[in-house]
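Read through the structure below, which is laid out as structure tokens, and then see the notes.
In what follows, chains carry the letters A, B, and so on, assigned in the order in which the sequence lines appear, proteins first and then strands, with residues in each chain numbered from 1. Fair warning: this is a prediction, and the values are worked out from it, not measured in the lab.
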Amino acid sequence: MSFTPTTEYLVPKLKLETLLAILGRGVRLNGRRLDEYRPISIITDYIPNADGSALVKLGNTQVLVGIKLEVGTPYPDTPNDGNLIINAEFMPTASPIFEPGPPDENAIELARVIDRGIRESRAVDLSKLALIPGKRVWNLWVDIYVLDHDGNLIDASSMGVLAALSTTKVPKAEIKENNEVVIDKTVRTSQLSINKYVTTVTVAKIGEHLLVDPDLEEESLMDAKLIVSVTDDGLIAGLQKSGPGYFTEEELMKAISIGLNKGKELIDIIKGSVQASPQVV
Amino acid sequence: MSKGKVKLIDNGLRHDGRKLDELRTIKMEVGILKSANGSALVEYGKTKVIAAVYGPREPQMKFMALPNRATIRCRYHMASFSTHERKSPAPTRREIELSKVIREALEPVILSELYPRTSIDIFIEVINADGGTRTASITAASLALADAGIPMKDLVASVAVGKVDGYLVLDIDEIEDMYGSADMPVAMAPALGRITLLQLNGVLTSEEFIQALNLAKAGIKQIYEIQKETLKRKYLTVKVED
Amino acid sequence: MSFTLFIQNREIVTPGQLLGEGKLTVATPVTIYSIDGKFFSAVVGLVNIENEKISVIPLEGYYYPKVGDVVIGVISSIGITSWEVDIRAPYPALLYASDFLNRPLNPGRDMISDYLNIGDVVLAKVEVVGRGRAPILTTKGKGFGKVSKGYLIEINPAKVPRVIGKKGSMLQLLIAECKCEITVTQNGRILVDNCPNKDLEEIVILAIRKIEREAHIPGLTDRVKEFIIKEKVRRGLLS
């Protein structure tokens, strides 16, 4: 059951009026331009026990992504592909409004939108993750932990997921009799195979203004947002309107074009962060 | 079978004989449930969806009440027998996400500020799934809201456009969704030109996106006309008794 | 006055339908909304244009109390100093015992369930309506208070104006033809009492049901009149 959020921050009316006036002049309360992201830092290989990981800071928003490879059985419709499972947890550390418990609709939506972007653009080559075709494949568990919530969790998470995947090192797997697979995580045999880079770009609508990377204050004032998944070859790999408001057709076209432009920038930042990671050759 | 091996478009016609820009046979009826304040049955081909609306009423749980507007609650649910293989009745992640985006597709039209501290509850049951269940759900829910007499700015009509065998096609069914390379559900409040739901599962170029949106708009316009006609029909067909 | 109308009088409209543009006077602000000088219907309803005022009368819906409305309520819960009363609105209304008894209440001595118990029916007036709070009822005034006899009909509250008719014409017709006491309240509850006989009571009830069903079809008053005459003939009350 989904219901109108009741835990939203109380917004003073005066604040919205101030914000709309200032947005009309092309600036934001936080001093950024409408198309400007907060400073982004991505640290890969942050969790030694994970097979791939990244800590992303997007302004004050912090997201940790950890990847685990385990042996699993394939789905009947994709017998020769590994399984990609993306999950998001909004930790109670991250916000006074987050409660411990199973992922809520916002966490589920975030994970599924990122999942669709990666799956549909075939960013990860899942066909390289078969161990015994039809019987044993790698399960690629992607867990997103939101540590600190200052808005735009999805872009931080999506950059973190790509950075973590790109730095994931596949452990040694030995195939025994009876479809048994023995894993030795002390030895890494290859990098996880990445076909493409993809990330989300979030464009928020406040009044008639469109702006990227909304912070928490802006999110509390926005009507709706459009999440655009963008690939490094300039394709739209997913869209999601999220939030209770609407977009006109004109706004939609503008938001998508902003998404495609900013996507390139974000992907360059992800690629830069990955270069620091040691490679298994 | 891998994607793209099955030929779904032949000579400009689809596997069920439809043209690329043709909707399935669409049927709608309102007032199908006596207990609900408003209800509707919507069929897009073999996809069948029931929507019921209760409220505005006292919220089931006090914490849900909002001081300045009604709370909208929405549940999208698939009946266990609606799919080829039995679906567990427990809510899946997909259903949780769809409940949210469907609620957010309807929120922009409901005049919820008229009814503070109340709850407007929308219950959607997919009773047969053959693709397009979320779009049929939105169309049905907006009819059920109107049937409940809840003031709203506009009806919301919805349809999906897909990319199949390289062609953009309107109102994709399950097979087209399974073998196609993109699925883009769109919902609109047509009188106001507002897009209230947009999702894309798949890859499109910018040009393809524009074409897909135009195709969706054309389909939405037809569905909207059927919605209006359905709401009026309920009253026009009451016979004068002699 | 400069305005354009895009609909006919008595037309059925749907949410989002453009009604008119310009300097229109709206009589029903809940069922009509405007954006940039354009007026749209917010409900499935019947358009009524009278004296340059436009209204949309909903064909479905709840009862929303307004101050001054006369309502028939059913006691749904009993508190220490007040009753909760179901008036078919999204929220129950409150009736204070001191108001009903017309004297201060002594909670130590008075058991208010001795006066009104669950399921009892009251005729009351809406005294206070607040945003998002329970409406408060009063039974002060002649004729208000507990209702202990008569036949109670519930109709869709949206159809109440049709049972009353223009300037009370429909209600007058029913009373004149059947000689019953008929109390029509804004929340869609109708009390029929003191009919000369059972046949006339039944005819009134059937006629009210017919009005509810055919509320939106023009020529209603004439059809109801015909219906009553036919029923009377059938029952041998008229020849």
Using every non-hydrogen atom in the two residues, find where [X] and [Y] come nearest and quote the distance to one decimal.
{"X": "B:R103", "Y": "A:S2", "answer": "NE-OG, 2.7 Å"}
{"X": "A:L235", "Y": "B:V203", "answer": "CD1-CG1, 3.6 Å"}
{"X": "B:P108", "Y": "A:G245", "answer": "CG-O, 3.5 Å"}

So, taking the atom named [atom1] in [X] and the one named [atom2] in [Y], what distance separates them when rounded to the nearest 0.5 Å?
{"X": "A:L260", "Y": "B:T205", "atom1": "CG", "atom2": "OG1", "answer": "10.0 Å"}
{"X": "B:E104", "Y": "A:Q240", "atom1": "CD", "atom2": "CD", "answer": "8.5 Å"}
{"X": "B:R69", "Y": "A:T4", "atom1": "CZ", "atom2": "OG1", "answer": "4.0 Å"}
{"X": "B:Q60", "Y": "A:F3", "atom1": "CD", "atom2": "CZ", "answer": "12.0 Å"}
{"X": "A:K241", "Y": "B:T196", "atom1": "NZ", "atom2": "OG1", "answer": "5.5 Å"}
{"X": "A:I236", "Y": "B:L204", "atom1": "CD1", "atom2": "CG", "answer": "6.0 Å"}

Test item: [X] and [Y] side chains (from C-beta on) under 4.5 Å apart, heavy atoms:
{"X": "B:F209", "Y": "A:L252", "answer": "yes"}
{"X": "B:L198", "Y": "A:F247", "answer": "no"}
{"X": "B:K100", "Y": "A:N106", "answer": "yes"}
{"X": "A:M253", "Y": "B:S206", "answer": "no"}
{"X": "B:D121", "Y": "A:M1", "answer": "no"}

Please look at [X] and chain A and tell me whether the side chain, the backbone, both or neither of the residue comes under 4.5 angstrom of a heavy atom of that chain.
{"X": "B:I120", "value": "neither"}
{"X": "B:R194", "value": "both"}
{"X": "B:L197", "value": "backbone"}
{"X": "B:F123", "value": "side chain"}
{"X": "B:N214", "value": "side chain"}

For chain A, which residues from residues 84-99 of chain B have at least one heavy atom closer than 4.5 Å to it? B:R93, B:R94, B:I96, B:E97, B:S99

Verify the neighbour count for atom [atom1] of [X]: are there more than 12 heavy atoms of other residues, nucleotides or ligands below 6.0 Å?
{"X": "A:K68", "atom1": "NZ", "result": "yes"}
{"X": "A:K135", "atom1": "NZ", "result": "no"}
{"X": "B:F63", "atom1": "CZ", "result": "yes"}
{"X": "B:E225", "atom1": "CD", "result": "yes"}

Would you mind checking which part of A:N80 comes under 4.5 Å of any heavy atom in chain B, side chain (CB onward), backbone (N, CA, C, O), both or neither?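 For A:N80, no heavy atom lies under 4.5 Å from chain B.
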
After noting the C-alpha distance and the side-chain angles of A:Y246 and B:L192, does the key distance pass the side chain to side chain contact (heavy atoms under 4.5 Å, CB included) rule? CA-CA 11 Å; A:Y246 64 89; B:L192 307 172; over 6 Å; no

Which residue pairs pass the salt bridge (Lys or Arg N to Asp or Glu O under 4.0 Å) test when at least one of the two sits in residues 243-252 of chain A, sequence neighbours left out?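 For residues 243-252 of chain A: A:K205-A:E251, A:E249-B:K217.
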
Criterion side chain to side chain contact (heavy atoms under 4.5 Å, CB included) against B:L200, the qualifying member of A:L239, A:V228, A:I227: A:L239

Between B:C74, B:A105, B:A65, who has the most heavy-atom pairs with chain A when the cutoff is under 4.5 Å?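 If we count pairs closer than 4.5 Å to chain A, B:C74 comes out on top.
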
